[in-house]
Amino acid sequence: MVPEHSDVTGGGDTAPLALKILVAGGFGVGKTTLVGAVSEIKPLRTEELLSEAGQSVDDTDGVDQKVTTTVAMDFGRITIRSGLSLYLFGTPGQDRFWFLWDELSQGALGAVVLADTRRLEDCFPAVDYFEHRHIPFVVAVNCFTGARAYGAHEVSRALDLDQGTPVVLCDARDRDSGKEVLIRLVEYAGRMHTARLLDSVS
C-alpha cells in the first residue's frame with residue numbers, strides 16, 4: 001500500500017500509515033502460525049482439513065501431524081508503532097493455489113519467506129517469485145524443535161540469495177520473535193524502495 005499523507009494544508013499532521021505485507025513459504029512451514037501469533041485482531045483464516053484426495057499432491061513428509069491447510073489466505077494486523085500498522089496476508093503454500101499470489105502481491109511493500117531447514121527446498125518457489133518481481137523480502141527461518149540448527153549465512157548460501165537479502169532466525173509461535181521479523185522487513189524494504197526512487201531520478 002502506498003503511504004497516504006493528510007499534510008496537504010500545511011498543518012503538519014500525517015495520516016496513519018498501513019502497509020501490506022505477504023507471509024509466504026512452503027507447505028506446513030508456519031505461515032498461519034506466524035500471522036496468528038503477531039496479529040492484534042482475531043486473524044481471518046481459510047483453513048480446510050487435509051483430505052485423502054489431496055494426499056497425492058500435498059507432501060506432508062516432515063510435517064506428518066499437520067491436519068489442515070490454507071486454501072485462500074490468512075489475514076491479520078499488527079501495530080508496529082503509533083501511526084504504523086501492517087496488514088499481513090498469509091499465502092497458501094501448495095502449487096495449485098499459486099494463482100492467488102499475483103492478486104495478493106498487488107500493492108505489497110514486501111514479503112516474509114518462512115523457511116524450514118528440514119525442507120529448505122520448499123521455499124525456493126517463493127524466493128524466485130519475489131526476486132523475479134523485485135518485491136523486497138526477508139527469509140525467516142522457523143526454528144522447529146528437533147531440527148538441525150543452521151546459521152543465517154549458511155541458509156543464505158543454500159538458497160543462493162541476492163547479496164544483502166536478510167536472513168533471520170525466528171520462532172513463528174512467539175509474538176515478539178515474529179514482530180522482530182516484520183520490523184526487519186519494513187526497514188529493509190524501506191531502504192530498497194528509497195534506493196530505487198533515487199535511481200529513477202538520477
Please collect all salt bridge (Lys or Arg N to Asp or Glu O under 4.0 Å) contacts where either partner lies in residues 132-141, sequence neighbours excluded, each pair once. Asp102-Arg133
Under a 4.5 Å cut-off applied to non-hydrogen side-chain atoms, are Phe75 and Ile41 in contact? yes
Residue set satisfying side-chain contact (heavy atoms from CB on, under 4.5 Å) with Leu197, at least two apart, ordered chain then number -> Ser200
So, for Asn142 and Val29, which heavy atoms are closest and what is the spacing to 0.1 Å? ND2-O, 3.0 Å
If you compare all heavy atoms of Glu40 against all heavy atoms of Arg175, which two are closest, and at what distance to 0.1 Å? N-NH1, 4.4 Å
Ile21 vs Tyr87, side chain to side chain contact (heavy atoms under 4.5 Å, CB included): CA-CA, chis, key distance, verdict: CA-CA 6 Å; Ile21 302 295; Tyr87 291 151; over 6 Å; no
Which residues share a side-chain contact (heavy atoms from CB on, under 4.5 Å) with Val167, sequence neighbours left out: Val139, Val141, Ala152, Val155, Ser156, Leu161
So which pairs with a foot in residues 187-202 pass salt bridge (Lys or Arg N to Asp or Glu O under 4.0 Å), sequence neighbours left out? none
Which residues pass the side-chain contact (heavy atoms from CB on, under 4.5 Å) test with Ala24, not counting sequence neighbours? Thr91, Trp101, Ala126, Phe130
So, for Cys123 and Ala115, which heavy atoms are closest and what is the spacing to 0.1 Å? SG-CB, 3.9 Å
For Glu131, check side-chain hydrogen bond (donor to acceptor under 3.5 Å, both in side chains) against everything at least two apart and list the hits. none
Minimal non-hydrogen separation, Lys31 against Gly25, with atom names: NZ-O, 3.4 Å
Spacing of NE2 belonging to His193 relative to CD1 belonging to Ile135, to within rounding of 0.5 Å: 8.5 Å
Of Leu185, Leu22, Leu19, Leu86, which meets side-chain contact (heavy atoms from CB on, under 4.5 Å) against Leu109? Leu19
Residues in side-chain hydrogen bond (donor to acceptor under 3.5 Å, both in side chains) with Ser105, at least two apart? Tyr129
Is there any salt bridge (Lys or Arg N to Asp or Glu O under 4.0 Å) pair reaching into residues 143-171, and which pairs are they, with sequence neighbours excluded? Asp171-Arg173
Residues in side-chain contact (heavy atoms from CB on, under 4.5 Å) with Ala158, at least two apart? Leu120
Rounded to the nearest 0.5 Å, what separation is found between the CG atom of Leu114 and the CG atom of Leu34? 5.5 Å
